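Everything on this sheet refers to the single structure shown next.
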Amino acid sequence: MAKNLTTRDKDYSRWYNDLVVQADLADNSGVRGCMVIKPHGYAIWEKIQAELDFRFKETGHVNAYFPLFIPKSYFSKEAAHVDGFAKECAVVTHYRLKNNPDGPGVIVDEDAKLEEELIVRPTSETIIWDSYRNWVQSYRDLPILVNQWANVVRWEMRTRLFLRTTEFLWQEGHTAHATEAEAVAEAVQMLHVYGDFVEEYMAIPVIRGVKSDNERFAGALETYCIEALMQDGKALQAGTSHFLGQNFAKAFDVKFQDKDGEVKHVWATSWGVSTRLMGALIMTHSDDHGLVLPPKLAPIQVVIVPIYRGEEELQAIDEVANALVADFKKMGIRVKYDHRDTYKPGWKFNEYELKGVPIRIAIGPKDLEKGTVEIARRDTLTKSYLPMEGLASEVSSMLDVIQVELFERAKAHRDANIHFVTTWEEFTAALDRGGFVSAHWDGSPETEDQIKDKTKATIRCIPLDNPLEEGQCILTGKPSTQRVLFARAY
RNA sequence: CGGGAUGUAGCUCAGGUGGUAGAGUACACGUCUGGGGGGCGUGUGGUCGCACGUUCGAAUCGUGUCAUCCCGACCA
């Protein structure tokens, strides 16, 4: 077991923090609530970015970039949007510092006050829609299918590495369409792009659904989401896709002349995932030994560690290992041969376990004699011996197996933790056990609020294709037509 | 913004009743090592958050201040 990693049993949230820091993913910085994403963490984020970016482009989107700063006046144009974000915005009020005349250091130059304050974007709808007004005149200019990779700032009271940080990295897609149907289809399409990516690539099973009124994005008519279940039984929203109706088009006066000659407001969507996905990744697969990475996401998929004493042994192993590395690379396997003499084998084993490398291969003198290697799976912590002959294809298929099994394991855990309840007692008991709780709800925001007050649980989503079923609201006993998923969430 | 706590070595922390700085770990060097974070030895490293006060003398006592953390409030 890793030296200083708190076990999950003992304190799950401390385990999470320890893991993020010790696996060298990220660190707290000198700025409250802001993190330094370290090379290993950033490499994983880059894998996420690369695959998502590919999938966005496959579905016809292009990238662009909009300013970090948003004039305060833009922000107030869409009322619901203001309500949603006003309380967590960083505001730029001055543009200059000067030497402190009364002592050391620098102070804000009060003469350099901005006429209009600038908001550091918490999300970019307003600045983007202000631009779109100038991009669109005719139905021929539509649709606009733009994505941006950016950082945003939300001044949260309580932060946690990756899960909720003051500044975070994300992508935000903002699209404009001629018709309502097309915009809704876009929002749904992107929900599935997210869902497919997270399941296929990150091996995290998700439930796709829509948000209730209370949980809907500020300014949206419908919020689609993917919800994942973490090991400790808490839910995590892993991605959202919003159908924004014409709210932003009206607020920013984005109109076009349609085929029929009429001037109409455009229909909008926005959708995003963030570095929070890193948190989902950690809390879905990892264990008391450290990070567990799905092979498709692992910057290093296979590490080879030599075991030797003396130069001659190392040289003999080098020869074999370098040949294996060449084989692996030919098959597209991301491999690292770690023959640093400055660290010992046992230290390296622990290090790569902590960092989540899916497969570790050890080669020592005994292996050279027998023509074998020791091969260890990070996910199951099992070891076996394989002949060097044909190793690359064995490793390649083992990586595939690991990818599949990680997903299956997570899905089994998720499915085993969806509880169907009919009474309030069952409901609260199920929430305390953790997991999703499927229960009837009368459909009113007030009831949802009351349930939240009493239990800290919220409606995570109403699953897509949710079967209709007669029932009674878990709290009020009023008639209900379907079950919805409740959970305590991150 | 309420309630509680903490600031001492890169990190985690110890330093009753005042007397000039310690441990573990990390790091550096040497050595024995090497199939799961190895042993032994030597060493580097600190304006004790900051300011003022009490005192011959303050990490220690007092006042103020700043910062951070926890609980709550808050959080799409």
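Values in this document were obtained by computation on a predicted structure and should not be read as measured data. Here is how names work: the chains are called A, B, and so on, in the same order as the sequence lines, proteins then strands, and each is numbered from 1.
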Categorize A:Glu88 for me: base, sugar-phosphate, or nothing, with a 4.0 angstrom heavy-atom threshold over every strand shown.
sugar-phosphate
NA contact type, A:Lys348, heavy-atom cut-off 4.0 Å: base, sugar-phosphate, or nothing?
nothing
Can A:Glu167 and A:Arg154 be counted as an ion pair, charged N to O under 4.0 angstrom?
no
When rounded to the nearest Å, what value does the distance between P atoms of B:G15 and B:C29 take?
34 Å
Using whole Å, report how far CZ of A:Arg276 lies from C1' of B:A76.
9 Å
With a 4.0 Å cut-off on N to O distance, would you call A:Arg488 and A:Asp232 a salt bridge?
no
Please tell me if the side chains of A:Trp267 and A:Gln246 come closer than 4.5 Å, counting only heavy atoms from C-beta onward.
yes
From CZ of A:Phe217 over to P of B:C75, roughly how many Å is that when rounded to an integer?
16 Å
Rounded distance in Å between the P positions of B:A67 and B:C50
15 Å
Quantified in whole Å, what is the P atom distance between nucleotide B:G16 and nucleotide B:A21?
14 Å
Using Watson-Crick or G-U wobble geometry with both distances under 3.5 Å, which nucleotide pairs with B:U65?
B:G49
State yes or no: are the ring centers of A:His61 and A:Trp271 separated by less than 6.0 Å?
yes
Closest nucleotide of RNA chain B for A:Glu351 versus for A:Phe85: which of these residues is on the 5' side?
A:Glu351
Check the distance between B:U33's P and A:Tyr308's OH and give it to me in whole angstrom.
15 Å
Whole-Å gap separating C1' (B:U25) and CH2 (A:Trp347)
14 Å
Between B:G7 and B:C13, how far apart are the two P atoms, rounded to whole Å?
9 Å
When the C1' atoms of B:A14 and B:U60 are compared, how many Å lie between them, rounded to an integer?
14 Å
Could you tell me the Watson-Crick or G-U partner of B:C74, where both distances fall under 3.5 Å? Say none if there is no partner.
none
Please tell me which of the listed nucleotides, B:G72, B:G36, B:A76, lies nearest to the side chain of A:Lys456?
B:G72
Output the rounded distance in Å from CD1 (A:Ile375) to P (B:G35).
20 Å
In Watson-Crick or G-U wobble terms, with both distances under 3.5 Å, the base opposite B:A9 is none
A:His289 has an atom NE2; how far is it from atom C1' of B:G37, in whole Å?
13 Å
Using the C1' atom on both, measure B:G49 against B:C66 and round to a whole Å.
8 Å
B:C61 and B:G19, which share atom name P, separated by this distance in whole Å
11 Å
Distance only, no hydrogens: is a donor on one side chain within 3.5 Å (strictly under) of an acceptor on the other, for A:Tyr12 and A:Gln231?
yes
Any base atoms under 4.0 Å from A:Arg360, or only sugar-phosphate, or nothing? Heavy atoms, all strands.
base
For a quick test of reading the model, state the closest non-hydrogen atom pair linking A:Ser124 to A:Glu172 and the distance between them.
OG-OE2, 2.6 Å
Between CZ of A:Arg160 and P of B:U68 the distance, given in whole Å, is 19 Å
Go nucleotide by nucleotide along RNA chain B from the 5' end; which of A:Asp341 and A:Arg164 gets its closest nucleotide reached first?
A:Asp341
On a heavy-atom basis, which atom in A:Ser480 and which in A:Cys473 lie closest, and how many Å separate them?
CB-N, 4.3 Å
Can you tell me how far P in B:U8 sits from the matching atom in B:A59, rounded to whole Å?
15 Å
Given B:C75, B:G35, B:G37, the nucleotide with the shortest approach to the side chain of A:Glu156
B:C75
Would you mind telling me which of B:G35, B:G38, B:G37 lies closest to the side-chain atoms of A:Lys344?
B:G38
Given atom CG of A:Asn28 and atom P of B:U68, what is their separation to the nearest angstrom?
12 Å
Applying the Watson-Crick and G-U wobble criteria at under 3.5 Å, what pairs with B:U31? Answer none if nothing qualifies.
B:G39
Under 3.5 Å donor-acceptor pair, A:Lys383 side-chain atoms to B:G36 base atoms:
yes
